[in-house]
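Following: one structure in structure tokens, then a few remarks.
If you're wondering where the values come from, they're calculated on a predicted model, not measured in any experiment.
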Amino acid sequence: MGIIEKIKEIEAEMARTQKNKATEYHLGQLKAKIAKLRTQLLEPPKGSSGAGEGFEVTKFGHGRVALIGFPSVGKSTLLTLLTGTHSEAASYEFTTLTCIPGIIHYNDTKIQLLDLPGIIEGASEGKGRGRQVIAVSKSSDIVLMVLDASKSEGHRQILTRELEAVGLRLNKRPPQIYFKKKKTGGISFNSTVLLTHVDEKLCYQILHEYKIHNAEVLFREDATVDDLIDVIEGNRKYMKCIYVYNKIDVIGVDDVDKLARQPNSVVISCNLKLNLDRLLAKMWEEMGLVRIYTKPQGQQPDFTDPVVLSVDRGGCTVEDFCNHIHRNLVKDVKYVLVWGTSARHYPQHCGLAHVLHDEDVVQIVKKKEKEDGGRGRFKSHSTAPARISDREKKAPLKT
């Protein structure tokens, strides 16, 4: 029996099992088994040499956005409208067969937009090159899930389920669970809050399913069984996702209003070019890019070419800003002068731990090199050796 058949068999058993207090331990073990099998499914087959077939493209710009959705929902048209890069669009499904990159120039930054082939149900198991599509989307900073507004809401749930099956968690934050394997000492289970979904016995059973018998577990929030399994697996990626509903020109105003009020959702029409500016603004807001302008000493600030930082790509402190310019610059920094919303007064003297905000102006003041031989009137201009024994002896006088 293959891995996919085992997963389907366990899912069928979970569907048959009643959910109550008596069966929660059994269901927790089944969830752990499915998570283990799905991790095995993502691993490359044994004996395979070299990289597998994929369509990864080189990272470019200050951020990366991936377009994911079913076939014929308007991903290629959206890429063409936002970037100007031509991506073939037609009235039949699977027009796009490979990854097509484009560049969005927005707010003095360059954002890479990837048009990926449409994925279908069962993509996490490898159907329709779904595994390669999801692998590319894992390397992006944010996901745009393009949906057809005229079709059922079930498409969004199917895509979310396929992405969660391969370890992508959309619009979620990592659970506040501390987990560390140990060599001896057994399992230490603690919590700082009242737990309603997990107890000590269930935690022990899940850890034994992973053959972990010595570990330290600390719950800092009321987490579920799935959160505990995600922490034990350790290969989950938590990403932001914007749900983009295209083709709003074919549905009624009430339906558009209902879709627009959903969280993390934007309604657009590529055919009539409606609400594309709102989509770009929402994308910018979710990516959290921070533009920092530099100011040389005694000169005006340079507002043409900002240094772009983000929390997901290194951080937004003064130290991260210095490392972005040059990795050895931090050693020479005495202090920095900051103008902008992060400063309490203009200019503010800041250290390396200061967190910068968007459109701040930064001037770096470097340490001065120490002068040898004193300063001012105490400075010796003589180049003679300090010790008498090192001085050159004069030639004897001729008599």
Output every pair passing ring-ring contact (aromatic ring centres under 6.0 Å, His included) with a member in residues 299-320, not counting sequence neighbours, ordered by first then second residue.
Tyr293-Phe303

Does a side-chain heavy-atom distance below 4.5 Å link Ile104 with Val65?
no

Begin from the C-alpha positions of Asp148 and Lys247 and carry the test salt bridge (charged side-chain N to carboxylate O under 4.0 Å, His left out) through to its verdict.
CA-CA 6 Å; Asp148 193 339; Lys247 305 182 184 178; 3.6 Å; yes

Check whether the side chains of Ser76 and Asp115 place a donor and an acceptor atom closer than 3.5 Å, and report yes or no.
yes

Determine whether Met14 and Ile206 fall in the same hydrophobic cluster, where Ile, Leu, Val, Met, Phe, Trp and Tyr are linked whenever their side-chain heavy atoms lie under 4.5 Å apart.
no

Do other residues, nucleotides or ligands put more than 12 heavy atoms under 6.0 Å from the NZ atom of Lys182?
yes

With rounding to the nearest 0.5 Å, note down the distance linking OG1 in Thr77 to NZ in Lys273.
11.0 Å

Using side-chain heavy atoms (C-beta onward) and a distance below 4.5 Å, is Gln262 in contact with Arg156?
yes

With no hydrogens and no angle check, is any side-chain donor or acceptor of Asp332 less than 3.5 Å from a backbone partner on Lys367?
no

Is there a donor-acceptor pair closer than 3.5 Å between any side-chain N or O of Asp320 and the backbone N or O of Cys316?
yes

State, to 0.1 Å, how close His26 and Glu13 come at their nearest heavy-atom pair, and which atoms those are.
NE2-OE2, 3.0 Å

Identify whether Leu78 and Trp284 are in the same connected component of the hydrophobic contact network (ILVMFWY, side-chain heavy atoms under 4.5 Å).
yes

Any donor-acceptor pair under 3.5 Å linking the side chain of Thr23 with the backbone of Gln18?
yes

Would a 4.5 Å heavy-atom cut-off, applied to side chains only, mark Leu309 and Thr317 as touching?
no

Lys258 and Asp254 ion-paired at < 4.0 Å:
no

Separation of Leu202 CG from Leu228 CG (nearest 0.5 Å):
7.5 Å

Would you tell me whether Ser139 and Arg64 have side-chain atoms, one donor and one acceptor, within less than 3.5 Å of each other?
yes

So ring-ring contact (aromatic ring centres under 6.0 Å, His included) across residues 139-177, not counting sequence neighbours, yields Phe70-His155

Ignoring hydrogens and angles, state whether a donor on the side chain of Tyr25 or Gln29 is under 3.5 Å from an acceptor on the partner side chain.
no

Could you tell me which residues satisfy ring pair (Phe, Tyr, Trp, His ring centres under 6.0 Å) with His349, sequence neighbours excluded, listed by chain and number?
Tyr335

Taking all atoms of both residues into account, what is the closest heavy-atom pair of Val333 and Cys322, and its distance?
CG2-SG, 3.9 Å

Can you tell me how far CE of Met145 sits from CG of Asn171, rounded to the nearest 0.5 angstrom?
9.0 Å

Are Pro101 and Leu114 packed together at the side-chain level, in the sense that at least one heavy-atom pair is separated by less than 4.5 angstrom?
yes

Less than 4.5 Å apart, any side-chain heavy atom of Leu67 and any of Leu116?
no

For Lys36 and Glu209, indicate whether the former's side chain and the latter's backbone hold a donor-acceptor pair under 3.5 Å.
yes

Side-chain heavy atoms nearer than 4.5 Å, only ILVMFWY residues, links allowed to pass through others: does that put Val225 and Val193 together?
yes

Just to verify, which of Lys172, Lys237, Arg236 counts as forming a salt bridge (Lys or Arg N to Asp or Glu O under 4.0 Å) with Glu164?
Lys172

State which residue, out of Asn246, Leu159, Val73, fulfils the side chain to side chain contact (heavy atoms under 4.5 Å, CB included) condition with Leu147.
Leu159

Nearest heavy-atom neighbours spanning Val338 and Cys350:
CG2-SG, 3.8 Å

Are Leu337 and Ile292 co-members of a hydrophobic cluster defined by side-chain heavy atoms under 4.5 Å apart?
no

Using modelled atom types only, decide if a donor and an acceptor are shared between the side chain of Glu286 and the backbone of Asn264 within a distance under 3.5 Å.
no

Taking NZ in Lys295 as the centre, count heavy atoms belonging to other residues, nucleotides or ligands within less than 6.0 Å. Is the count above 12?
yes

Any side-chain heavy-atom pair of Leu163 and Ile68 under 4.5 Å:
yes

Starting at NZ of Lys75, measure out to CG of Leu113 and round the result to the nearest 0.5 Å.
12.0 Å

Are any non-hydrogen side-chain atoms of Ile187 and His208 less than 4.5 angstrom apart?
yes

State whether Glu221 and Arg173 are salt-bridged, where the test is any N-O pair (Lys NZ or Arg NE/NH1/NH2 against Asp/Glu carboxylate O) under 4.0 Å.
yes

If I take atom CD from residue Glu200 and atom CG from residue Asn190, how far apart are they, to the nearest 0.5 angstrom?
8.5 Å

CD/Gln157: more than 12 non-hydrogen atoms of other groups inside 6.0 Å:
yes

May I ask you to check whether Ser310 and His62 show a side-chain donor-acceptor distance below 3.5 Å?
no

